[in-house]
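Here the structure comes first, spelled out in structure tokens, and everything after it is commentary.
Throughout, a chain's letter reflects where its sequence line sits, starting with A, and its residues are numbered from 1.
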Amino acid sequence: MKDLSNAVNGKVILRFAPNPNGPLTLGHARGVTINSEYAKIYEGKIVLRFDDTDSKVKPPLKEAYSWIEEDYEWLTGKKPDIIVRASERMDTYLRYAVKMLDEGFGYVCKCSAEIFKQLRDNSKECRCRNKDPRENLSDWNEMIIGELTEGMAVVRVKTDMNLPNPALRDWPALRIQHSYHPMVGDKYKVWPLLDFQSAIEDHEQGVTHIIRGKDLMDSTRKQTLLYNHFGWNYPETMYWGRVKIHEFGSFSTSGMRKEIENKNYSGWDDPRLPTLRALRRRGFDSEAMRSYWIDLGLTQKDISVSLQTIESFNSSKIDSKCERRIFVRNPKKIKLDSNNFEIQKKLILNKHPLNEIEGHREWDLEDLEIYVESEDLEKTHIRLKDFADIKIEKSVGIIQSIDRVDKRPIVHWVPKSICKKAVLTIPNGNELIIQEGVIEDIQIVKNNIVQLERVGYAKIESINDEFIELLWLHG
RNA sequence: GCUCGUGUAGUGUAGUGGUCCAUCAUGAAGCCCUCUCGAGGCUUCGACCCGGGUUCAAAUCCCGGCACGAGCACCA
């Protein structure tokens, strides 16, 4: 990773500021990873800040606060140094708003949004701009006590109506919002907008470096203008570009929330969703995920990435910890004919091919009935992995050799006596593919991730008397 | 329309004037090994957006195009 500019070891303070309207997604993971890595490198601190100042367009979800803390901790392996909820810091924001009005670099604007936009686009000042502080404070008071209702007034930061970038001209800092807030109810009638709240809080927390999406570049510029008014120095700022993930297309937390409410998904951890809880449930390793985002780096380029890369990181991370098991899809029963070869009664197999995990699996071969994938039976001469070469004749496998003597394909198989029904669920875009089969029922432990030989990695989701449920991780 | 940003192999990324016939990862193809279509090893494929300029020398600096993206919300 690049160096942070003007960073002093031990003095760096970073922040990650999500809206608690749902749990963290794969996109958020970039912010968490990059910020926490820098905190680690510079022995600095990181603030987890909940930007929950809007209760109308993207209303906070009460449960999301703790979900996000969990997700954060899972991904970084530790708790944030400081946790701040904007809704609990309202008094501070309102105090600064008063200061701004009092010192004359802010004003209460009663123009409608449409009118103001017109004025702004033509570099014209609105009539509210030149009120004296006393009048502004009196208007402010009407906002605060709820006399003015939503849409009737807004507090603006005075910048310059001739700035080339129209977005920066007298931008709105606080607005009236009478809707119910899940954390503080209807205690406040006036709420700060992101640019104001975030600017004030960064200053209050002593944030030294801000790393955020480049869609927030104008925020930096707006906030710098505000900092100038207050006589503060703006933190060093870095940006990343927009990220698209092939497999998930474009998604939004609010969109997912709706789909979940409509029962189109089973919950925030539905395996089809790009939430961290869904990926965690499937068995993604947090370190692999971090390496992935670090590997992508911090550039302002808009990128379009594939989950394949993260899967590759994940495979190399988990492979040595995953025991092997056999899962036979679309199983077809085969009766073995020993053909006068001497067959061992038990087959001893490694839990891991390189013995990275100690221990064995014992297969009982007593009754000579086995399952093979029907697709593998398209060939008549196959080798049962770790066992014998056979020739298929009408559902009978005639053993031709115990040792491997030719290049016939090696297939996986399982004795009927040790297997159990299993169902593998594979998330595929918006669908769930269900594959039925039989699994080698030896030391199957709930929540373990196993490599199903010749199939891929899967998580043991549940075990009952009838069958075992498997959740697909990746190939 | 105004403002801002970005353009290096399929996908990411390194590279800030010569050490770059451009790094690494991922991917694809092939080979070796292996009793997994896994792991490992090897080989190959594949890129500096375009056009000018500065310079002995440009992926790197300058100008002009073009393309893509973002902001211009009383959302975050």
>> Using the side-chain heavy atoms of Q451(A), tell me which of these nucleotides is nearest: U36(B), G12(B), A73(B).
In response: U36(B)
>> Counting the atoms with a prime plus P, OP1 and OP2 as sugar-phosphate, which does P166(A) contact under 4.0 Å by heavy atoms, base, sugar-phosphate, or nothing?
In response: base
> Counting any heavy atom closer than 4.0 Å, what does D386(A) reach on the DNA or RNA strands: base, sugar-phosphate only, or nothing?
Replying inline: base
>> Can you identify which nucleotide, out of A76(B), G7(B), A73(B), has its nearest atom closest to the K301(A) side chain?
In response: G7(B)
> According to the Watson-Crick and G-U wobble definitions, with both distances under 3.5 Å, which nucleotide is paired to A73(B)?
Replying inline: none
> Should E323(A) and R361(A) count as an ion pair when the cut-off is N to O under 4.0 Å?
Replying inline: no
>> Categorize R324(A) for me: base, sugar-phosphate, or nothing, with a 4.0 angstrom heavy-atom threshold over every strand shown.
In response: base
> To the side chain of L194(A), which of A76(B), G27(B), C72(B) is closest?
Replying inline: A76(B)
> Has the side chain of R404(A) got a donor or acceptor atom sitting under 3.5 Å from an opposite partner on the base of C35(B)?
Replying inline: no
>> Does the structure show a Watson-Crick or G-U wobble partner for G27(B), both distances under 3.5 Å? Name it, or say none.
In response: C45(B)
> Between C35(B), U6(B), U13(B), which nucleotide has the shortest distance from any of its atoms to the side chain of Q300(A)?
Replying inline: U6(B)
>> What's Y457(A) touching, base or sugar-phosphate or nothing? Going by heavy atoms closer than 4.0 Å.
In response: sugar-phosphate
